[in-house]
Amino acid sequence: MMLTALGLMSGTSLDGVDVALIETDGKLVKAFGPAGYRPYSPAERNLLRQALTEAVHLSQRDARPGVLAEAERAVTLAHAEAVAAFVAQNRMRPEDIDIVGFHGQTVLHRPEKRLTVQIGDAPALARAIHIPVMYDFRAADVEAGGQGAPFVPVYHRALANSLDREGPIVVVNIGGVSNITYIDGNDTLIACDTGPGNALLDDFMYRTMNQAFDAEGKFAALGKADEAWIARALELQFFAAPPPKSLDRNDFAALKLGDVQPADGAATLTAFTAAAIARVIPLLPRRPRSWIVCGGGARNLTMLRMLRDRVGSATVEAAETLGWASDAIEAQAFGFLAARGLKGLPLSYPATTGVPMPMTGGVIARP
């Protein structure tokens, strides 16, 4: 049975809420619907940055001390507004949508402590939008000993299987953190976080240029990357560890560039993201033939060029060139995961998150 599923995603880059509609049975995607976006205001973004700082001290996943309670209310309201605007703009009714997949905003991810925290009040959201909401996708995986990330690989596989091309194919998502899905036919699905995505670069641009991000990588294109700094950074133990593995947005925040010109700093951090992605190649069963890049990093032309320089003869292309809605893929994925969760299908696997067995997950909040 096909379901009309609406996915919501607020990623580690703290830019806003992505909304996307798909028609799916949790295995195949029958049709892509429209997509939408509700940006966070500067005040909301600052509130979420404070929440990330305070969340470092959390030891219980349902605790909301201090600014975290305020941030959770803001996240919930932003998602309710995003859904309301989407439904109105597309002349839909709440009853036209079977299920909403609500990821929430990750403020802490510590799988080694069996702890992952996403803020957002799903029962309140369900009441506000009058649609059943599936949420808390990662908790069951982490409690079972998995990394709890990445969670989009099953959706990447559904997309890649629609392409008529020889594998292995790697889908790269460059959000705040970068992650890859390695697909080689129906039987081989491997995934992991690879290192920083846009988070280090965005934070650097915010500190040095008071800009939210480096549009199209134009600023980095003016600078020169410090390859010695990148080589030292890649010596961190994380990069040699085999998949599956995952990261928190701030895991590399302690890396300091030192006294550099802003353009050189942007070039170095952009190249570091590309080098960290390419560093996964020796850890894969076979060398990939093609790399498909989605997420915010797909719009960074300098990052794409730097990745091409590091993956040999393989092709590197933005997901948009294949007709995929790059900005909407993660939101679509959580609609897809909500449909899978409703049907009791696995959301994560041993080779994607390190969980001991294929795991379903998600909790439903009804209006």
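Position 1 is the first residue of the sequence; numbering continues from there. Everything numeric here is computed off the predicted structure, so don't read it as measured data.
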*R138 vs H103, side chain to side chain donor-acceptor pair (under 3.5 Å): CA-CA, chis, key distance, verdict*: CA-CA 9 Å; R138 301 183 192 272; H103 176 266; 3.0 Å; yes
_Checking F336 against L3 for the side-chain contact (heavy atoms from CB on, under 4.5 Å) test, could you report, in this order, the C-alpha distance in whole Å, the side-chain angles of both residues, the deciding distance, and whether it holds?_
CA-CA 9 Å; F336 184 76; L3 299 170; over 6 Å; no
Side chains of residues 81-89: which donor-acceptor partners sit under 3.5 Å, not counting sequence neighbours?
residue	atom	partner	partner atom	Å
E81	OE1	R38	NE	3.3
E81	OE1	R38	NH2	2.6

Does [X] come within less than 4.0 Å of [Y], counting only side-chain N to carboxylate O?
X	Y	value
D251	R110	yes
D136	R61	yes
D203	R49	yes
R289	E317	no

*Side-chain heavy atoms under 4.5 angstrom apart, residues restricted to Ile, Leu, Val, Met, Phe, Trp, Tyr: same cluster for V56 and L48?*
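Not linked; separate clusters.
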*Would you kindly confirm whether W291 and L189 end up in one hydrophobic cluster when ILVMFWY residues are joined by side chain heavy atoms under 4.5 Å apart?*
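In one cluster with W291: L189, no.
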Distance-only donor-acceptor hits, side chain of residues 143-159, under 3.5 Å, sequence neighbours excluded:
residue	atom	partner	partner atom	Å
Q147	OE1	S246	N	3.0
Q147	OE1	S246	OG	2.7
Y155	OH	Q332	OE1	2.7
H156	ND1	T181	OG1	2.7

*Could you list who else is in M357's hydrophobic cluster, with ILVMFWY side chains joined at under 4.5 Å, directly or through other members?*
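Result for M357 is V355, M359.
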*Could you work out the complete set of other residues in the hydrophobic cluster of L47, with links drawn between I, L, V, M, F, W and Y side chains under 4.5 Å apart?*
V67
*Under the salt bridge (charged side-chain N to carboxylate O under 4.0 Å, His left out) rule, collect the residues that match up with K218, sequence neighbours excluded.*
E216
*asked:* Under the rule for salt bridge (charged side-chain N to carboxylate O under 4.0 Å, His left out), what residues qualify as partners of D25, not counting sequence neighbours?
replied: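 D25 satisfies salt bridge (charged side-chain N to carboxylate O under 4.0 Å, His left out) with no other residue.
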[atom1] of [X] to [atom2] of [Y]: how many Å apart, nearest 0.5 Å?
X	Y	atom1	atom2	answer
L125	I129	CG	CD1	4.0 Å
R305	L301	CZ	CG	9.5 Å
I180	I169	CD1	CD1	13.0 Å
M1	L342	CE	CG	8.5 Å
L247	S178	CG	OG	9.5 Å
D96	L6	CG	CG	11.5 Å

Within a reach of under 6.0 Å around [atom1] of [X], are more than 12 heavy atoms found that belong to other residues, nucleotides or ligands?
X	atom1	value
D259	CG	no
Q261	CD	no
F213	CZ	no

Ignoring hydrogens and angles, tell me if any N or O in the side chain of [X] forms a donor-acceptor pair with the backbone of [Y] under 3.5 Å.
X	Y	result
Y182	I281	no
R45	Y40	yes
T273	G197	yes
N198	I174	yes
T360	L345	yes
E72	G120	yes
D214	A220	yes
T106	L108	no

*Could you tell me whether the side chains of S326 and E320 share a donor-acceptor contact shorter than 3.5 Å?*
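Distance-only check fails for S326 and E320.
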*Residue pair T4 / E23, side-chain donor-acceptor N/O under 3.5 Å*: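 On atom types as modelled, these side chains do not qualify, holding no pair under 3.5 Å.
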I'd like to check the side chain to side chain contact (heavy atoms under 4.5 Å, CB included) partners of [X]; sequence neighbours left out, ordered by chain and number.
X	answer
P243	I190, C192, L283
S41	A43, E44
A221	T302

*Apply side-chain contact (heavy atoms from CB on, under 4.5 Å) to V170 and I292, showing your working.*
CA-CA 6 Å; V170 171; I292 301 167; over 6 Å; no
*asked:* Under the ring pair (Phe, Tyr, Trp, His ring centres under 6.0 Å) definition, can you give me all pairs with a residue in residues 117-138, not counting sequence neighbours?
replied: F137-F334
*asked:* I need the full list of side chain to side chain donor-acceptor pair (under 3.5 Å) pairs touching residues 222-239, with sequence neighbours left out, sorted by first then second residue.
replied: E227-R310
*Pairs in or reaching into residues 333-348: which pass side chain to side chain donor-acceptor pair (under 3.5 Å), with residues at least two apart or in two chains?*
D141-S348, R340-Y349
*Verify side-chain contact (heavy atoms from CB on, under 4.5 Å) between K245 and N179, making sure each step is shown before the conclusion.*
CA-CA 10 Å; K245 53 186 175 178; N179 55 64; over 6 Å; no
